[in-house]
Structures are given as C-alpha cells and as structure tokens.
Amino acid sequence: MKNHEVAKILAEIGEYLDMQNVPFKPRAYEKVAGVVDGLEEDIAVTYERGGIKALGEIPGVGVSIAEKIEEYLETGRIKYYEELKKKTPVDLSTLTQVEGLGPKKIKKLYEELRIKNLDDLEKAAKAGKIRKLESFGVTSEENILKGIEFLRKSGGRFILGFAMPTVKEIEDRLGRLKEVKRVVVAGSVRRRKETIGDVDVLVVSSKPAPVMDYFTSMPEVINVYAKGDTKSAIKIKNGLDVDLRVVPVESFGAALNYFTGSKDHNVALRRIAMDKGYKLNEYGLFRGKKQVAGKSEEEVYETLGLDYVEPELREMTGEIIAAGKHKLPKLIGYNDLKGDLQTQSSWTDGANSIEELAQAALKAGLEYIAITDHTKRLAMTGGLDEKGLLKQMAEIDKINKKLKSRKVKITLLKGTECDILKDGSLDIDDKTLSQLDVVGVSVHSYFNLPKEEQTKRIVRAMKNPHVDILFHPTGRVLNKRPAYEVDMDEIIETAVSTGTVLEVDALPDRLDLKDEYVRRCVEKGVKIAIDSDAHSVTHFAYLEYGISQARRGWATREDVINAWPLEKMLKMLK
DNA sequence: GCCGTTTTCGGCCCGACTGTTTTCAGTCG
C-alpha cells in the first residue's frame with residue numbers, strides 16, 4: 001500500500017512551499033495529502049487500473065499532482081520534491097510534529113543552526129543556541145524541548161471508546177462549576193470518529209477566568225499550552241490534548257457548529273453563508289454587523305436553508321447537498337437497538353454465564369441476544385464442536401423457559417461464531433448449522449492471504465445456505481493491525497446476492513465494518529447488524545460505538561436488523 | 001495547484017494565542 005508514503009511526500013511538498021511563502025499551493029498539497037492517505041484503494045492499484053486519468057479523478061488531484069504521483073509510482077521519486085528537499089534538507093514531517101514549530105521556523109532553524117532532525121533540534125535547544133535566534137527566545141526554546149519530549153513519549157491517536165470515560169469525567173467536572181452554564185464536548189468526539197487526536201470542550205459562561213483557572217490546574221494536567229479568556233489548551237496525563245473554549249450564550253450554536261467541524265464541513269457552510277450575503281464565524285451568523293442566528297445550531301442551518309445535519313455526518317461526504325435538498329436520512333438512534341447478535345459466554349472465551357449475559361442485556365435495554373460462542377478451530381478459546389453446540393442449544397432452551405416462567409423479558413437465540421477455514425469451508429457441519437437461529441461466521445486465521453484468495457474464501461463462506469451474518473468483516477484492530485486484504489465491493493455484492501447480513505462489531509478497537517463500508521451497504525440495500533461482541537457483561541455498553549459508526553455510515557433503523565422486533569429480524573435470517 | 005450548473009479565470013475560511021514584537025508573524029484548529 002503506497003498511499004501513506006505518497007501522502008507524506010505531498011504533505012512535505014506543501015510544507016516546503018509554505019516555507020517559501022508561496023500562496024495557495026500549500027493548501028492544495030496539504031489537502032490532497034489527506035485525501036490520498038484516506039483512500040481505501042492502493043493508489044498504485046488505482047494507477048494500474050486507469051493510469052493518470054484515474055489519478056486525476058481523485059478529489060484534489062489535478063494535472064500537476066497527478067503527474068507527480070505518476071512519476072513516483074513509475075520511478076520511486078519525484079524530482080520536484082527532491083529539489084525542494086535539496087534546498088532545505090530536513091526531516092520535515094517529524095519536525096512539524098513538534099508543537100509550535102511550523103515550516104517558517106523550521107526553515108530558520110536550518111538556515112541559522114543547520115538543524116535537520118529531532119536530535120539536532122534537541123542538542124541545539126539544550127545548548128541554549130535557539131534562544132539567541134531572532135524571533136525566538138528562552139520560552140520558545142523551553143517549549144521546543146517540551147514538545148520533543150511529548151512527541152517521543154506519546155504520539156498517535158486515541159481510540160474513541162477507550163478515551164471516552166476520561167472525556168466524560170472532565171465534562172462532568174466542568175459542568176459542576178457554578179460559573180459554567182453549559183458544557184458540551186465538540187470536535188471529533190462529537191462527530192464520533194473512531195479515533196480522536198484531541199478533545200474540544202465548549203463552555204458557556206459569563207465568568208471565564210475561574211473556569212480557565214480550574215481547567216488549567218486540574219490534577220491530571222501535565223502541560224498548559226495556552227491560557228486566555230476565551231481559549232485554553234492543556235495536555236493531560238494520558239497524553240490527550242484538551243482544548244477549552246468559553247463562549248457567550250448567544251453564540252453557543254455557532255460556536256458548537258464551528259468547533260464540531262469537520263473543517264471541510266465548516267468551510268462549505270461559510271461559503272454558503274457568503275453566497276447568501278452572510279458572514280459565519282464562531283460567534284454567529286451575521287448580516288453586516290447584525291447577528292441573525294447563532295444561539296443554536298438548528299438556527300444556523302435553518303437560516304442557511306439547510307436541514308439540521310447530525311454531527312456524525314459532518315464529514316463533507318455529501319451531507320450538505322442532501323441537507324439542502326431535504327434528503328438526509330433519519331439516522332438510527334442511540335436507543336433503537338432491540339437485540340445483539342454476537343455475544344460470547346463462558347462456554348468459550350466469555351467471562352460470564354449465559355444467564356448473566358441475559359440479565360445484563362436486559363439491563364442494557366435489549367429484548368433478545370444471540371449466544372455465539374466460538375467453534376472448535378479456535379481451540380485456545382475452547383471452541384465448540386457439533387456435539388458441544390447441540391448441548392448448548394438444549395441449555396439455551398432450558399434457560400429461555402426459566403426466564404419466561406419468571407417473566408424476565410428477554411429471549412436468548414441459539415447462535416455461533418463459526419470459524420471460516422482457510423479454503424472458505426466452515427468449522428461446523430451444515431446439519432448442525434441448520435438448527436441454529438443465528439449463524440455468524442468470521443475469519444480468525446490466515447490474515448495474510450493474497451487479496452483474491454481471501455475474498456474467494458469469504459465469499460464461499462457467505463454462500464453457505466445457513467450463514468446469516470459475516471462478523472467483523474475486515475478483521476482490523478485499531479492501533480494494532482490493519483484489515484486483511486479483501487475486495488469489499490465483491491463482499492458487498494455477495495451480500496446482496498445471498499442476503500447475508502454484514503456486521504458492525506462495536507468493540508471500540510474494531511468498529512468493523514467502518515463507516516464508509518456501512519454507507520456502501522446502505523446504498524446497496526445490504527442489511528447490517530450492530531453487535532457488541534461482548535465477552536463480558538460490561539461490554540454491552542460498547543454498542544453505543546457501533547451505533548455511532550453506523551450513523552456515520554448514514555444507516556437508518558431500517559438498515560439495522562437488530563433494531564427490528566424479534567419476529568421480523570428472524571424472518572430476515574436464512 | 002485545484003476547482004466550477006453563477007465561473008475554464010479568479011477565487012481560495014478566519015479568529016485566538018504566543019512570543020517577541022513595539023504592531024505583528026507564525027502556528028493552530
């Protein structure tokens with residue numbers, strides 16, 4: 001996969017141009033770098049498939065950048081980039097990660113002190129050389145040293161579901177201050193991105209000073225980047241950066257909108273505002289000096305002639321056009337799930353008994369869950385064979401009866417998370433599968449098969465007449481391992497032709513399917529299931545993150561089979 | 001350097017904070 005290396009070079013070209021004060025081009029390169037990095041297809045494959053024309057179809061890629069990408073793919077280098085690099089031969093992508101250092105300062109550091117990389121920078125700072133440079137000073141030097149230390153220690157993004165308890169705690173504490181009228185977490189947290197880089201907290205208060213004092217002196221604060229009347233920024237112990245903005249009540253909606261992003265969504269809104277003769281900023285929507293909207297987000301969208309856009313959709317993937325045409329979907333709600341179709345019990349690697357899972361699910365507001373323990377191929381989990389499954393089915397019948405007699409309103413379904421073997425055959429015979437309510441299948445081995453073989457393997461499994469759901473379809477684990485190579489278009493086509501459901505596994509580090517695949521399923525009419533993949537009673541809480549991912553994929557309640565009543569859901573299954 | 005059912009040329013989001021400046025450039029989001 002060449003996308004990341006191509007993106008990195010494009011981003012560096014942008015920074016080099018920034019160094020030279022070239023107007024506008026830096027933004028073009030910066031933007032296209034982000035696009036290329038996020039491409040799902042390997043850009044080398046795109047090029048093989050359609051040549052330079054296909055490259056030009058990537059948003060943000062025009063003639064000039066397409067040529068440069070082609071040059072890189074053909075020769076492994078880009079002359080233009082190398083010339084820029086020759087002039088200022090520094091490790092740009094690392095140095096720009098140092099908080100407070102941008103292209104201009106890096107240029108100066110190179111020209112005056114020959115600083116090329118992080119080590120040079122650290123040495124110079126420690127030797128007190130940086131403070132002597134014009135427009136630098138003692139504070140800058142100290143900040144650089146701090147920045148280097150943080151960069152070496154942390155770096156990387158945080159998984160939303162794992163960072164959320166910390167975020168909620170800060171939110172709650174700020175909310176309890178008497179000077180705080182309202183507190184909301186905006187940014188990528190509110191958009192429910194699967195990973196977050198930092199946290200943007202918005203507060204309404206007429207007395208910001210004590211709020212800022214409290215915020216910057218919380219016990220977990222390890223650095224204060226900035227502290228002012230309207231904005232402060234800190235880093236906390238676990239490495240997370242948190243920004244706090246204080247806004248007046250009449251600007252709350254505009255500020256919430258602005259700080260929720262995404263950046264591209266905001267830019268588009270501002271353009272629409274300008275076209276209509278308004279000005280939109282974080283303080284409100286203005287005509288001349290008069291504020292015409294901004295108290296609430298709804299008001300802002302409405303005044304611009306748009307329907308309200310849910311935060312999860314604000315990624316500039318067509319939501320603004322849809323909002324203008326009143327064609328946004330009514331997303332599945334956070335309380336809409338009635339069931340959970342993947343849970344593991346103590347029969348294999350789950351921590352709790354079937355009955356404990358049932359009770360916990362009931363508490364989580366569910367009406368039915370499928371018990372889907374592993375199968376024998378996963379020996380280390382004590383995976384069940386046909387005999388074990390039959391035994392478990394009998395046990396589930398017994399527990400269902402017991403629950404019913406006690407008027408406990410939850411139904412247990414008999415299921416399996418059956419292993420897909422290397423050749424696409426299944427780990428359990430058809431006869432046994434045919435007796436289950438819910439047959440889920442998944443890949444737990446041979447992650448490194450060539451794309452074609454992996455795709456063929458999974459397609460074969462999906463074509464089994466008993467298979468209902470493909471669990472965690474791409475096998476990725478965030479911050480740990482990438483998805484295996486698989487042709488998702490073919491998987492989705494197979495789901496269409498076989499009526500197989502694709503899962504959104506809600507474990508915070510899986511979230512598999514991811515949003516863009518959910519969206520493709522929704523477009524193709526493929527149904528999805530949002531499952532906790534619970535291995536303990538506490539894991540039902542993760543369903544929330546699966547719902548977020550589905551919402552980010554534009555899914556409605558109709559698209560999600562476990563948002564349906566039990567009878568209707570069962571009819572959907574094979 | 002990209003983009004466009006207002007444009008194939010002329011636009012390109014904009015405000016806060018910091019540090020080192022005596023009025024602003026650089027960085028960030």
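Predicted model, so just to flag it, every value in this text is computed and none were measured. Every chain is numbered from 1, with letters handed out A, B, ... down the list of sequences.
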Charged N to carboxylate O under 4.0 angstrom, [X] versus [Y]?
{"X": "Asp264(A)", "Y": "Arg314(A)", "result": "no"}
{"X": "Asp512(A)", "Y": "Arg476(A)", "result": "no"}
{"X": "Arg551(A)", "Y": "Glu310(A)", "result": "yes"}
{"X": "Glu523(A)", "Y": "Arg519(A)", "result": "yes"}

How would you label the contact of [X] with the nucleic acid (heavy atoms, under 4.0 Å): base, sugar-phosphate, or nothing?
{"X": "Pro23(A)", "value": "nothing"}
{"X": "Asp18(A)", "value": "nothing"}
{"X": "Tyr80(A)", "value": "nothing"}
{"X": "Pro26(A)", "value": "nothing"}
{"X": "Leu101(A)", "value": "sugar-phosphate"}
{"X": "Lys279(A)", "value": "sugar-phosphate"}

Starting the side chain at C-beta, find the nucleotide from [options] nearest to [X].
{"X": "Thr230(A)", "options": "dC17(B), dG29(B), dT27(B)", "answer": "dC17(B)"}
{"X": "Ala28(A)", "options": "dT27(B), dG1(B), dA16(B)", "answer": "dG1(B)"}
{"X": "Val267(A)", "options": "dC28(B), dC13(B), dA16(B)", "answer": "dC13(B)"}
{"X": "Lys25(A)", "options": "dG29(B), dT27(B), dG1(B)", "answer": "dG1(B)"}
{"X": "Asn281(A)", "options": "dT27(B), dG1(B), dG15(B)", "answer": "dG15(B)"}
{"X": "Arg271(A)", "options": "dA16(B), dC13(B), dT18(B)", "answer": "dC13(B)"}

**Asked** Got a sec? Which of residues 61-72 of chain A come in under 4.0 Å of DNA chain B, heavy atoms?
**Response**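 Under 4.0 Å from DNA chain B: Val61(A), Gly62(A), Val63(A), Ser64(A), Ile65(A), Lys68(A).
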**Request:** Could you list by number each residue of residues 283-305 of chain A showing a heavy-atom separation from DNA chain B of less than 4.0 Å, or answer none if no residue does?
**Result:**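 Of all residues in residues 283-305 of chain A, the ones placing a heavy atom under 4.0 Å from DNA chain B are Tyr283(A).
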Please state the [atom1] separation for the pair [N] and [M] - nearest whole angstrom.
{"N": "dA16(B)", "M": "dG11(B)", "atom1": "P", "answer": "26 Å"}
{"N": "dC2(B)", "M": "dT6(B)", "atom1": "P", "answer": "23 Å"}
{"N": "dC17(B)", "M": "dT23(B)", "atom1": "C1'", "answer": "16 Å"}
{"N": "dT22(B)", "M": "dT18(B)", "atom1": "C1'", "answer": "16 Å"}
{"N": "dT27(B)", "M": "dT20(B)", "atom1": "P", "answer": "14 Å"}
{"N": "dG1(B)", "M": "dT8(B)", "atom1": "C1'", "answer": "14 Å"}
{"N": "dT21(B)", "M": "dG26(B)", "atom1": "P", "answer": "13 Å"}

**Message:** Distance to the ring centre below 6.0 angstrom and angle to the axis at most 45 degrees; does that hold for Arg27(A) and Tyr29(A)?
**Reply:**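 Judged by the rule (NZ or CZ under 6.0 Å from the ring centre, within 45° of its axis), Arg27(A) is not positioned above Tyr29(A).
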**Distance under 6.0 Å and angle within 45° of ring axis: Lys116(A) vs Tyr110(A)** =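 No, Lys116(A) and Tyr110(A) do not form such a contact.
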**Prompt:** Which is it for Tyr225(A) and Ile234(A) under the side chain to side chain contact (heavy atoms under 4.5 Å, CB included) test, yes or no, and what are the steps along the way?
**Reply:** CA-CA 6 Å; Tyr225(A) 299 115; Ile234(A) 59 170; 5.7 Å; no
Return the value, rounded to whole Å, for the distance between atom [atom1] of [X] and atom [atom2] of [N].
{"X": "Lys263(A)", "N": "dC12(B)", "atom1": "NZ", "atom2": "P", "result": "16 Å"}
{"X": "Asn266(A)", "N": "dC13(B)", "atom1": "CG", "atom2": "P", "result": "12 Å"}
{"X": "Leu55(A)", "N": "dG1(B)", "atom1": "CG", "atom2": "P", "result": "16 Å"}
{"X": "Ile144(A)", "N": "dT18(B)", "atom1": "CD1", "atom2": "P", "result": "17 Å"}
{"X": "Leu17(A)", "N": "dC12(B)", "atom1": "CG", "atom2": "P", "result": "20 Å"}
{"X": "Lys227(A)", "N": "dC28(B)", "atom1": "NZ", "atom2": "C1'", "result": "20 Å"}
{"X": "Asn21(A)", "N": "dA25(B)", "atom1": "CG", "atom2": "P", "result": "10 Å"}
{"X": "Ile272(A)", "N": "dC12(B)", "atom1": "CD1", "atom2": "P", "result": "15 Å"}

**Request:** Can you check whether any acceptor in the base of dG15(B) is under 3.5 Å from a donor in the side chain of Tyr258(A), or vice versa?
**Result:**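 Answer no: no donor N or O sits under 3.5 Å from an acceptor.
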**Prompt:** What is the base-pairing partner of dT8(B), counting Watson-Crick and G-U wobble geometry with both distances under 3.5 Å?
**Reply:**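 When the pairing criteria are applied, nothing turns out to pair with dT8(B), so the answer is none.
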**First encountered from the 5' end of DNA chain B, between Phe259(A) and Tyr29(A)** =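 Counting from the 5' end, the first nearest nucleotide belongs to Tyr29(A).
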**Message:** Are Leu202(A) and Val247(A) packed together at the side-chain level, in the sense that at least one heavy-atom pair is separated by less than 4.5 angstrom?
**Reply:**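 Yes; the side chains approach each other to less than 4.5 Å.
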**Request:** Keeping the roles fixed (side chain from Glu30(A), backbone from Ala11(A)), state whether a donor-acceptor pair exists under 3.5 Å.
**Result:**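 Not a single qualifying donor-acceptor pair exists.
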**Prompt:** What's the shortest heavy-atom distance between Thr46(A) and Glu41(A), and which atoms?
**Reply:**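 Closest approach of Thr46(A) to Glu41(A): OG1-OE1, 2.7 Å.
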Reported [atom1]-to-[atom2] distance for the pair [X] and [Y], which is rounded to 0.5 angstrom:
{"X": "Ile332(A)", "Y": "Asp559(A)", "atom1": "CD1", "atom2": "CG", "result": "8.5 Å"}
{"X": "Glu82(A)", "Y": "Arg77(A)", "atom1": "CD", "atom2": "CZ", "result": "4.0 Å"}
{"X": "Gln549(A)", "Y": "Leu160(A)", "atom1": "CD", "atom2": "CG", "result": "9.5 Å"}

Quick test: give all pairs of protein nitrogen or oxygen and nucleotides 19-21 of chain B nitrogen or oxygen below 3.5 Å, distance rounded to 0.1 Å.
| from | atom 1 | to | atom 2 | distance (Å) |
| --- | --- | --- | --- | --- |
| dG19(B) | OP1 | Asn143(A) | ND2 | 3.3 |
| dG19(B) | O3' | Ser140(A) | OG | 3.1 |
| dT20(B) | OP1 | Gly137(A) | N | 2.3 |
| dT20(B) | OP1 | Gly137(A) | O | 3.3 |
| dT20(B) | OP1 | Ser140(A) | OG | 2.9 |

**Test applied, salt bridge (charged side-chain N to carboxylate O under 4.0 Å, His left out); reference residue, Arg552(A); option that passes from Glu315(A), Glu319(A), Glu194(A), Glu516(A)** =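 Among Glu315(A), Glu319(A), Glu194(A), Glu516(A), the one that satisfies the salt bridge (charged side-chain N to carboxylate O under 4.0 Å, His left out) with Arg552(A) is Glu315(A).
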**Prompt:** Hey, is Phe24(A) doing a stacking thing with dC12(B), by the 5.5 Å centroid and 30° angle criteria?
**Reply:**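 Yes.
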